[in-house]
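Worksheet for the structure shown next.
Sequence lines set the chain letters: A, B, ... in the order given, protein chains first and strands last, and positions in each chain run from 1.
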Amino acid sequence: MDEAFPRMEIEALGYNIATHGQKTFNGVAILSKAPLEDVRIGLPGDETDSQARYIEAVISHGAWVVRVASIYLPNGNPVGTEKYPYKLGWMDRLHAHAANLLKFEEPLVLAGDYNVIPAARDAADPAAWTADALFLPQTRAKFQALLNLGFTDALRATTDAGGLYTFWDYQAGAWQRNNGIRIDHLLLSPQAADLLCDVTIDRDMRAAEKPSDHTPIRITLA
DNA sequence: ATGTCGCATTCCATGCGA
């Protein structure tokens, strides 16, 4: 919840903060050492959607300006319930909003947990995911449609290699077996892609004590 | 082998979402 976010502690480290959280599940935030402007909360396109899954802000640092969105795309499982159409509808809304943001023709990063495995090489065991909401053809098609607007998948701008994952399930020793999937993505507008210097996946954090099941993926723009 | 984890409620046990 926004009220429970450790705002003062993190501000004391020099960050500006924008959060959009809610009780129990869902929540996104942007932390920036440069000032945040034009903070927008919630994904447009459905006034009845109350889930806290989208936040964006403009980050300005001298002559540099980048618009950053933090997304938590719905998981969509189990397929066959209302959860999957909610995911697909959310992806349609993200597509429409992203198309509008591209009109600014400025550096733009759409970052977060997409809950999408883009291709077979992005899973250690793709056969295990064929009927899953993260990998169904319709899911992948909507992710590809987003890219087709003109975005660059930052990691794929730097390598064609498989075996690069950002999530390992807690169950069945997935981490120890390196049974992972790549579902956390940074999508770059053309103006952001032109600034891309480096992409790093922080595997060390998944090996730490009491880790998240996700691990960070980081880009450098300059 | 739905095998783990965090959270909230029905509150020390269970259901849910991931």
Return yes when atom CD of A:Glu47 has more than 12 non-hydrogen atoms of other residues, nucleotides or ligands closer than 6.0 Å, and no otherwise.
no
Earlier contact from the 5' end, DNA chain B, for A:Pro211 and A:Lys83:
A:Pro211
Regarding A:Tyr72, tell me which of base, sugar-phosphate or nothing describes its non-hydrogen contacts under 4.0 Å with the strands shown.
sugar-phosphate
Using the P atom as the point on both nucleotides, what is the distance between B:dA13 and B:dA1, in whole Å?
29 Å
Start and end of the DNA chain B segment that chain A contacts, any atom under 4.0 Å from a heavy atom:
B:dT2 to B:dA18
Taking atom P in both B:dC16 and B:dT10, what distance in whole Å separates the two?
13 Å
Span that lies between the P atom of B:dC7 and that of B:dT2, in whole angstrom
25 Å
Yes or no on salt bridge (charged side-chain N to carboxylate O under 4.0 Å, His left out) for A:Asp153 and A:Arg182, after CA distance, side-chain angles and deciding distance?
CA-CA 12 Å; A:Asp153 175 344; A:Arg182 188 174 74 93; 3.0 Å; yes
Does a sphere of radius 6.0 Å around OH in A:Tyr86 hold more than 12 heavy atoms from other residues, nucleotides or ligands, not counting ones at 6.0 Å or beyond?
yes
Taking for each residue the nucleotide of DNA chain B bearing the nearest heavy atom, is the 5' side occupied by A:Gly76 or by A:Gln171?
A:Gln171
Does atom CD of A:Glu9 have more than 12 heavy-atom neighbours from other groups under 6.0 Å away?
yes
Using the P atom in both, what is the distance from B:dG6 to B:dC11, to the nearest Å?
23 Å
Scan residues 21-31 of chain A against DNA chain B and write down, sorted by residue number, each residue with any heavy atom closer than 4.0 Å; if none is found, say none.
A:Lys23, A:Thr24, A:Phe25
Is the A:His185 ring parallel, tilted or perpendicular to the A:Tyr114 ring (thresholds 30°, 60°)?
tilted
Sub-3.5 Å donor-acceptor pair from the side chain of A:Arg7 to the main-chain atoms of A:Ile10, do we have one?
no
Can a donor-acceptor pair be found between the side chains of A:Asn179 and A:Asp169 at a distance below 3.5 Å?
no
Verify the distance criterion only: is there a donor paired with an acceptor across the side chains of A:Tyr165 and A:Thr215 at less than 3.5 Å?
no
